[in-house]
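To start, the structure itself, in C-alpha cells.
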Amino acid sequence: MFNRFGVRLVSALMTVGLCTSVSLAKPLHFKVHGDNKDQISFNSDAPVEVITGNTQAVQGDIKLDDSFKLDAKHPFAIAFTVDLASIDTGIPLRNEHMRDNFLETKQYPQAKFVTQRVQFRQKPDLSKAQSIKLDAIGDLTVHGVTVRKTIPLTVDYTPGKSKQPATVRVRGKFPVTLAQHKIKRPEAIFVKLAETVYVSVDVTGKAITQ
C-alpha cells in the first residue's frame, strides 16, 4: 500500500511540477511613450521638391511572452498610434496645409498600425540580446481608411540588467500610397507632394511590470 501511495504521490507531484513550469510563462509588455529616442518620419520625393516630416508623438504596445517561442501559441504583437497633427515639415505654413487640407487631422487625428500576425526571417532566440528581422502583417489606418500592409521590421531585444528594464527597439520603412487612403493632395502643394510617401519608424519600448 505504501509503495502504491508513494507512486501516486510522486506522480501527483510531477504533474503539479509540470503545470507549474508551464504556468511560469508570462506575458512581457513593452510600452512606447514617444520620448526623445522615438521617431516617426515621412519622405515625399516629388519632381519639384523633397518634403520630409517628423514627429515623436507616438504611443505603442509591444507584447510577447517570456518563453520567447514567438509562435502561433505565443504571439508577438505590435500596436502603434501616431498623432498626425504633431508632424513638423520645417515650415509652419506647410505644416498648416498638411494638417488642415491634406491629412485633415481635425477629423482624422491619428494614424494606427496593429499587427495581425508576423513572419520571422530567422529563428528568434530572445533569451539573450539579439537583432531579428521579421515581416509584420497588419492593419494601417490613415485618414479613416484601413489598408492591410506587410511591413519589414528589424527588432532589437535587450534583456534587463540590474535596475534597467528590458527594451525592444523596432525599426522599419514602408510605402504609403495616398490614393489608397483617399487622401487628396491640396492644390497648394499638389505638384510638390509625391503620390507615394515613405514612412520610417524607429521606436523603443521599455518593459513594464505586469
Side-chain angles (χ1 to χ4, degrees), residues 25-34 37-45 53-84 87 103 105 108-159 166-183 194-208 210:
K26 64 179 181 180
L28 296 179
H29 188 181
F30 300 82
K31 292 289 289 186
V32 176
H33 294 291
K37 294 182 180 180
D38 298 323
Q39 191 76 241
I40 305 293
S41 61
F42 80 87
N43 178 277
S44 167
D45 191 355
N54 302 277
T55 181
Q56 295 175 337
V58 53
Q59 299 291 316
D61 292 276
I62 304 167
K63 296 181 180 180
L64 60 155
D65 71 61
D66 64 358
S67 72
F68 304 117
K69 293 180 180 179
L70 306 181
D71 54 21
K73 294 182 180 179
H74 308 84
F76 179 70
I78 299 173
F80 292 142
T81 300
V82 180
D83 176 10
L84 295 178
I87 292 177
L103 294 173
T105 57
Y108 311 107
Q110 297 177 331
K112 298 179 180 179
F113 178 73
V114 180
T115 57
Q116 300 301 322
R117 59 190 176 91
V118 296
Q119 294 177 337
F120 292 92
R121 302 183 191 178
Q122 63 196 84
K123 184 178 181 181
D125 177 14
L126 298 186
S127 59
K128 57 185 178 182
Q130 187 176 140
S131 179
I132 60 175
K133 294 186 181 297
L134 58 88
D135 292 318
I137 298 94
D139 295 327
L140 175 68
T141 302
V142 180
H143 200 245
V145 178
T146 301
V147 175
R148 180 60 55 92
K149 299 287 289 186
T150 297
I151 301 177
L153 297 174
T154 299
V155 178
D156 302 313
Y157 173 77
T158 303
T167 62
V168 172
R169 182 184 180 190
V170 178
R171 293 171 289 154
K173 183 178 181 179
F174 58 96
V176 175
T177 302
L178 305 185
Q180 284 188 317
H181 293 276
K182 298 182 180 180
I183 298 174
E195 179 58 34
T196 297
V197 300
Y198 286 84
V199 177
S200 296
V201 176
D202 188 346
V203 298
T204 298
K206 296 180 180 180
I208 62 175
Q210 296 298 310

Inset, instruction - Identify, with sequence neighbours excluded, every residue that meets ring-ring contact (aromatic ring centres under 6.0 Å, His included) alongside H181. - result: none

Legend entry - Those residues that, when tested against D38, pass side chain to side chain contact (heavy atoms under 4.5 Å, CB included) (two or more places apart): V32, D35, V58, V203, T204

Legend entry - Residue pairs involving residues 140-154 (criterion salt bridge (Lys or Arg N to Asp or Glu O under 4.0 Å); sequence neighbours excluded): D139-R148

Legend entry - Those residues that, when tested against D61, pass side chain to side chain donor-acceptor pair (under 3.5 Å) (two or more places apart): H29, K31

Legend entry - Residues in side chain to side chain donor-acceptor pair (under 3.5 Å) contact with T115, at least two apart in sequence or another chain: none

Inset, instruction - With sequence neighbours excluded, tell me which residues meet side chain to side chain contact (heavy atoms under 4.5 Å, CB included) with P152. - result: R121, D135

Legend entry - side chain to side chain donor-acceptor pair (under 3.5 Å) against R171, all qualifying residues, sequence neighbours excluded: D156

Inset, instruction - Please list, chain by chain and in numerical order, all residues satisfying side chain to side chain donor-acceptor pair (under 3.5 Å) with S200, sequence neighbours excluded. - result: none

Inset, instruction - Apply side chain to side chain contact (heavy atoms under 4.5 Å, CB included) to Q110 and list each qualifying residue two or more places apart in sequence or on a separate chain. - result: T81, K112

Inset, instruction - Could I get the full list of salt bridge (Lys or Arg N to Asp or Glu O under 4.0 Å) partners for K37, not counting sequence neighbours? - result: none

Inset, instruction - Flag this pair as yes if the NZ/CZ of K173 is under 6.0 angstrom from the six-membered ring centre of Y198 and inside a 45 degree cone about the axis; otherwise no. - result: yes

Legend entry - With sequence neighbours excluded, residues passing side chain to side chain contact (heavy atoms under 4.5 Å, CB included) with A79: V114

Legend entry - ring-ring contact (aromatic ring centres under 6.0 Å, His included) against F42, all qualifying residues, sequence neighbours excluded: none

